[in-house]
Amino acid sequence: MAVAALQLENISKDFGRIIALRSIDLEVQSGEFVSILGRNGAGKTTLLNIISGVSRPSEGSVQLFGTNPTDKENKAKLAVISHEMFLYGNLTALENLEYYSRIYNIPEADQRIQDVLNDVELTHRRFDLVSTYSRGMTQRLTIARALLHKPDLLLLDEPFTGLDQHAIGMLISLLKHQKELGRTIILTTHDLHTANELSDRYVIIAKHRIVRDGLMAETTPDAIRNEYFTARGGEQAS
């Protein structure tokens with residue numbers, strides 16, 4: 001039997017007296033695309049931080065590809081797109097990607113950098129300092145940085161934030177292609193239609209727990225919205 005890309009068992013996380021997550025069990029198989037849904041403050045970002053090894057759970061165990069998420073081997077298998085860009089404003093886009101290509105020892109780095117810059121439509125701005133980029137352009141470069149080393153597992157925390165409609169369409173196409181390549185993808189988003197379009201499964205977190213884990217093929221955006229609102233006590237989405 002193949003080893004799961006992700007295995008969470010009884011994960012809880014507290015910040016002092018503040019409860020972030022309670023008794024989270026989640027298994028994601030290699031090649032699956034899972035969307036995690038929930039209101040602001042539900043614990044989605046905390047969950048991704050635990051999966052990536054940035055944060056340790058207060059209780060429970062995490063395994064990525066059968067090993068600890070902090071193991072060196074997993075660093076090369078993982079990429080995170082979050083609110084932290086991990087880019088250097090005093091370097092050009094090209095210099096940023098060259099820096100990361102050295103960190104990951106990427107073969108034929110020049111060609112790979114050219115490919116990801118083309119994918120996010122930033123080739124014409126590759127010699128410009130990142131500090132001169134708009135929020136949307138910086139987000140696109142962050143996506144290029146994340147895809148540079150061809151990770152096995154992509155963690156995306158609200159990646160559409162700051163993108164215009166053209167860039168959103170570009171990112172959706174990129175994610176579809178990554179899925180076709182067999183990447184495992186975990187996405188947090190409030191966009192239920194996009195989640196429905198992209199994902200194999202959806203997970204709703206409310207009151208710090210998983211309250212629904214379902215297959216996208218067996219539901220619709222309207223049905224997910226009803227479950228989402230019910231789980232949230234009728235509050236409006238943000």
Side-chain angles (χ1 to χ4, degrees), residues 1-15 18-52 54-55 57-65 69 78 80-83 153-161 168 171-172 175-176 178-179 182-238:
M1 182 177 179
V3 175
L6 170 67
Q7 182 76 53
L8 303 179
E9 294 185 358
N10 197 34
I11 293 295
S12 294
K13 180 66 176 181
D14 299 335
F15 296 97
I18 299 173
I19 297 171
L21 295 170
R22 270 291 174 265
S23 304
I24 300 291
D25 293 314
L26 180 65
E27 182 172 291
V28 178
Q29 300 301 320
S30 294
E32 272 197 296
F33 194 132
V34 178
S35 284
I36 299 177
L37 312 173
R39 66 176 178 85
N40 292 333
K44 302 186 302 299
T45 296
T46 299
L47 183 60
L48 291 195
N49 285 340
I50 289 172
I51 293 170
S52 65
V54 170
S55 178
S58 302
E59 296 179 11
S61 65
V62 184
Q63 287 196 328
L64 291 184
F65 304 102
L78 179 68
V80 180
I81 299 174
S82 68
H83 306 293
L153 174 61
L154 267 172
L155 303 178
L156 302 105
D157 192 9
E158 299 288 349
F160 303 105
T161 302
I168 288 172
L171 178 53
I172 288 173
L175 291 178
K176 287 180 177 179
Q178 296 304 307
K179 181 178 178 180
R183 311 264 190 260
T184 308
I185 303 172
I186 300 176
L187 166 73
T188 74
T189 183
H190 291 297
D191 188 334
L192 306 184
H193 284 274
T194 299
N196 181 260
E197 179 182 355
L198 292 172
S199 307
D200 301 306
R201 287 167 57 199
Y202 67 101
V203 171
I204 298 176
I205 297 180
K207 299 179 180 178
H208 323 297
R209 301 175 183 272
I210 292 177
V211 296
R212 177 69 168 139
D213 184 343
L215 297 176
M216 281 297 185
E218 298 176 355
T219 190
T220 65
D222 287 341
I224 296 173
R225 184 176 298 277
N226 289 336
E227 291 180 311
Y228 185 78
F229 285 154
T230 299
R232 298 180 54 192
E235 298 173 11
Q236 292 301 305
S238 61

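Not measured: the values here are computed from a predicted model.
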Begin with the C-alpha distance, continue with both residues' side-chain angles, and end with the deciding distance and a verdict on side-chain contact (heavy atoms from CB on, under 4.5 Å) for Val62 and Ile11.
CA-CA 8 Å; Val62 184; Ile11 293 295; 3.6 Å; yes
Can you confirm whether Thr220 sits close enough to Asn196 that some side-chain heavy atom of one is under 4.5 Å from a side-chain heavy atom of the other?
no
How many angstroms lie between atom CZ of Arg225 and atom NE2 of His193, to the nearest 0.5 angstrom?
5.5 Å
Would you call Arg183 and Leu153 a side-chain contact if the rule is heavy atoms closer than 4.5 Å?
no
Separation of Leu187 CG from Leu155 CG (nearest 0.5 Å)
10.5 Å
Looking at Leu154, Leu26, Leu6, which hits side-chain contact (heavy atoms from CB on, under 4.5 Å) with Ile186?
Leu6
Result of checking Leu21, Val28, Leu47 against Leu8 for side-chain contact (heavy atoms from CB on, under 4.5 Å):
Leu47
Does CD1 belonging to Ile18 count more than 12 external heavy atoms closer than 6.0 Å?
no
For the residue pair Asp14 and Ser58, confirm or rule out a side-chain donor-acceptor distance under 3.5 Å.
no
Among Ile224, Asp200, Leu198, which one satisfies side-chain contact (heavy atoms from CB on, under 4.5 Å) with Met216?
Ile224
A side-chain contact here means heavy atoms from C-beta on lying under 4.5 Å apart; do Ile168 and Asp191 qualify?
no
Can a salt bridge be assigned to the pair Lys44 and Asp157 using a cut-off of 4.0 Å between side-chain N and carboxylate O?
no
Atom of Lys13, atom of Arg22 and distance for their closest heavy-atom approach
N-NH1, 4.3 Å
For the pair Thr188 (side chain) and Glu158 (backbone), establish whether a donor and an acceptor sit closer than 3.5 Å, ignoring hydrogens and angles.
yes
Leu78 side chain reached by Ser52 side chain, heavy atoms, under 4.5 Å
yes
At their closest point, which heavy atom of Ile51 faces which heavy atom of Pro69, and how far apart are they?
O-CB, 3.4 Å
Ignoring hydrogens, what is the shortest heavy-atom contact between Phe33 and Leu175? Give both atom names and the distance.
CE1-CB, 4.2 Å
Taking the side chain as every heavy atom from C-beta outward, state whether Leu48 and Ser82 have any atom pair closer than 4.5 Å.
no
If only atom types and distance count, is the side chain of Ser23 paired as donor or acceptor with the main-chain N or O of Asn10 below 3.5 Å?
no
Between atom CD of Glu59 and atom CD of Glu9, what is the distance when rounded to the nearest 0.5 Å?
13.5 Å
CG/Leu37 to OG/Ser199 distance, rounded to the nearest 0.5 angstrom?
7.5 Å
I need the Leu171 CG to Phe160 CZ distance, nearest 0.5 Å.
4.5 Å
With rounding to the nearest 0.5 angstrom, report the NE2 to OG1 distance, His190 to Thr161.
8.0 Å
